[in-house]
Amino acid sequence: MAQAIQLARKGWFTTRTNPRVGCVLVKDGQIIGQGWHEKPGYAHAEINALNVAGDNARGATAYVTLEPCAHHGKTGPCAEALVEAGVVKVVAAMLDPNPLVSGKGMQILQNAGIKVEHGLMSSEAQQLNPGFIKRMTTGLPRVVAKIGMSLDGRTAMANGESQWITGADARRDVQRLRAESGAVITGSGTVVIDNPSMNVREPAYITNPHFTQPIRVIIDSQNIVEPDAKIFSNEGHCWLVSGHLSVKDYPDNVEQKKVELMPSKDKMSHHKINLKALLMMLAEAGIDDVLIEAGSGLVGSFIEQELVDELVVYIAPKLMGSAARPMALLPLETMQQNLELKLGDIRQIGNDLRLNYYFKKA
């Protein structure tokens with residue numbers, strides 16, 4: 001099973017809307033076939049392992065990181081393929097997290113007289129697909145907010161200038177965060193002020209023939225983003241999200257999405273996008289993991305509405321002063337209102353520090 005988990009990790013940046021799955025076939029104490037899921041629409045891990053084993057799969061035991069699927073999608077049910085191949089036992093690390101299908105694959109195997117077990121190395125298997133598990137159980141994707149800030153907790157100067165706070169090594173690490181995400185969300189302010197690309201450029205990821213760029217999602221409730229913005233000029237799909245559609249002529253890779261607005265508490269303020277509704281739309285599009293790279297206002301809104309699962313904070317050895325913008329705009333007034341976090345990891349990235357925090361609720 002440990003080998004199957006390692007195989008599943010080979011699809012870390014490419015499975016996108018599907019879970020990362022690995023499979024190992026064992027017979028007479030020897031591995032006779034192994035495989036992993038590489039990309040949506042391609043063969044699942046079990047099929048790849050069966051293709052390697054061929055007729056020798058009859059009488060084998062299959063170790064798979066996720067319960068074999070039981071439904072007809074772009075590929076046939078893996079549970080039926082295992083039955084037809086003549087395996088005698090299937091050990092799954094975990095059941096399918098979708099409550100509508102969980103256990104059905106195992107039931108197909110049992111009905112065919114195949115011995116089944118599940119739970120072996122389940123915690124390790126769950127770590128392969130935290131976004132997929134969350135989407136299947138809650139209808140929302142897993143949300144990571146990336147923040148680059150100075151030692152005094154500032155993310156931009158008062159005029160919005162923010163390039164560059166962190167060093168090249170930290171920015172390269174952010175490329176990894178983008179590469180493992182199905183969508184990257186930013187705000188119109190960031191697009192107008194910084195004119196970023198927000199795409200994955202590191203050769204280690206884009207040279208993989210199975211890699212696809214994450215969807216770049218721009219929240220533009222005031223329709224201020226122009227069609228010539230750099231974020232639209234790169235390969236990959238873009239969502240331009242607002243409360244109403246714009247008449248501007250955007251490039252072909254831009255899809256305008258109308259999302260309901262939330263009533264403003266302040267009559268002088270603009271109405272804001274319903275962020276939870278946006279995340280639900282992304283989940284319905286099959287997006288498991290979302291990365292937020294935005295200014296303090298949008299990051300603060302996601303945190304305030306309890307929509308963030310993890311904060312990845314890069315701290316640069318710089319002081320930007322009290323007039324600079326904070327890491328997140330949060331209307332907290334008393335200590336009782338503070339949001340408690342749990343530190344998951346800390347390490348040095350070049351001259352910067354990277355801290356991974358999880359919200360206690362998550």
Side-chain angles (χ1 to χ4, degrees), residues 16-18 97-100 129-147 177-178 180-192 198 213-225 229 231-232 236-248 250 253-311 328-331 339 358-359 361-362:
R16 281 288 186 265
T17 57
N18 286 353
N98 187 340
L100 298 178
N129 297 294
F132 177 74
I133 293 171
K134 185 183 178 188
R135 179 168 67 90
M136 288 294 103
T137 55
T138 70
L140 292 171
R142 174 174 172 265
V143 178
V144 175
K146 164 260 170 181
I147 298 170
L177 293 179
R178 288 181 189 171
E180 64 187 19
S181 303
V184 178
I185 296 179
T186 194
S188 56
T190 297
V191 172
V192 171
M198 287 286 187
Q213 290 284 346
I215 298 173
R216 298 184 291 278
V217 180
I218 303 95
I219 297 177
D220 184 21
S221 21
Q222 299 177 56
N223 294 113
I224 62 174
V225 175
I231 199 167
F232 301 140
H237 200 56
C238 298
W239 284 14
L240 189 62
V241 178
S242 183
H244 55 278
L245 303 182
S246 171
V247 295
K248 297 176 183 177
Y250 290 99
N253 66 330
V254 179
E255 184 177 355
Q256 292 197 58
K257 295 285 187 178
K258 184 177 179 181
V259 179
E260 64 183 78
L261 297 173
M262 297 181 68
S264 175
K265 297 177 183 178
D266 182 356
K267 293 183 179 179
M268 300 300 292
S269 300
H270 291 281
H271 291 276
K272 296 182 178 180
I273 290 293
N274 185 326
L275 299 178
K276 186 173 183 179
L278 171 59
L279 292 178
M280 291 176 68
M281 288 178 62
L282 286 166
E284 289 169 2
I287 301 300
D288 293 329
D289 297 279
V290 171
L291 177 65
I292 300 170
E293 292 191 65
S296 57
L298 185 54
V299 169
S301 294
F302 271 100
I303 294 174
E304 183 184 3
Q305 294 175 40
E306 299 185 346
L307 297 173
V308 178
D309 299 290
E310 180 181 358
L311 289 179
L329 294 179
L330 290 169
L339 304 175
Y358 301 90
F359 286 88
K361 71 173 182 63

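Residue Leu330 comes nearest to Leu339 through the heavy atom pair CD1-CD1, 4.4 Å, listed as atom of the first residue, atom of the second, then distance. The two residues Ala183 and Pro214 come nearest to each other via the heavy atoms N-CB, 4.0 Å. Across all non-hydrogen atoms, the minimal contact from Gln213 to Arg16 is C-NH2, 3.9 Å. Closest approach of Ile303 to Ala328, counting heavy atoms only: CD1-CB, 4.3 Å. Between Gly236 and Asn253, the shortest heavy-atom distance links the atoms O-ND2, 3.0 Å. The two residues Trp239 and Lys257 make their nearest non-hydrogen contact at CE2-CE, 3.5 Å.
Using a 4.5 Å heavy-atom cutoff, the side chains of Leu279 and Phe302 are in contact. Between Lys134 and Leu140, the closest side-chain pair of non-hydrogen atoms falls below 4.5 Å. Inter-residue side-chain proximity for Val217 and Val184 is flagged as unmet; no heavy-atom pair is nearer than 4.5 Å. Inter-residue side-chain proximity for Thr186 and Ile231 is flagged as met; some heavy-atom pair is nearer than 4.5 Å.
Remark: His237 NE2 to Glu255 CD distance equals 4.0 Å, nearest 0.5 Å. In this structure, the separation between CE on Met198 and OG1 on Thr190 is 6.0 Å, given to the nearest 0.5 Å. Separating the CG atom in Asn98 from the CZ atom in Phe132 is a distance of 7.0 Å, to the nearest 0.5 Å. Interatomic distance, CD1 of Ile218 versus OH of Tyr250, reported as 9.0 Å (0.5 Å rounding). We find the CG-CZ distance between Leu240 and Arg216 to be 12.5 Å, quoted to the nearest 0.5 Å. Considering CG of Leu275 and CD1 of Ile185, their distance stands at 7.5 Å, rounded to 0.5 Å.
Put simply, the side chain of Ser242 gets close to the backbone of Asp220: a donor and an acceptor are under 3.5 Å apart. The main-chain N or O of Ser246 is found under 3.5 Å from a side-chain atom of Gln256 such that the two form a donor-acceptor pair. With Lys258 contributing its side chain and His244 its backbone, the two residues share no donor-acceptor pair below 3.5 Å.
Remark: Met281 CE is packed, more than 12 non-hydrogen atoms of other residues, nucleotides or ligands lying under 6.0 Å away.
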Sequence neighbours excluded and cut-off under 3.5 Å, please list the side-chain donor-acceptor pairs for residues 287-301, or say none.
| from | atom 1 | to | atom 2 | distance (Å) |
| --- | --- | --- | --- | --- |
| Asp288 | OD1 | Arg135 | NE | 2.4 |
| Asp288 | OD1 | Arg135 | NH2 | 3.1 |
| Asp289 | OD1 | Arg142 | NH1 | 3.4 |
| Glu293 | OE1 | Arg178 | NH2 | 3.3 |
| Glu293 | OE2 | Arg178 | NE | 2.7 |
| Ser301 | OG | Gly297 | O | 3.1 |

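Considering only residues two or more places apart in sequence or on other chains, Lys248 meets the side-chain hydrogen bond (donor to acceptor under 3.5 Å, both in side chains) condition with Glu226.
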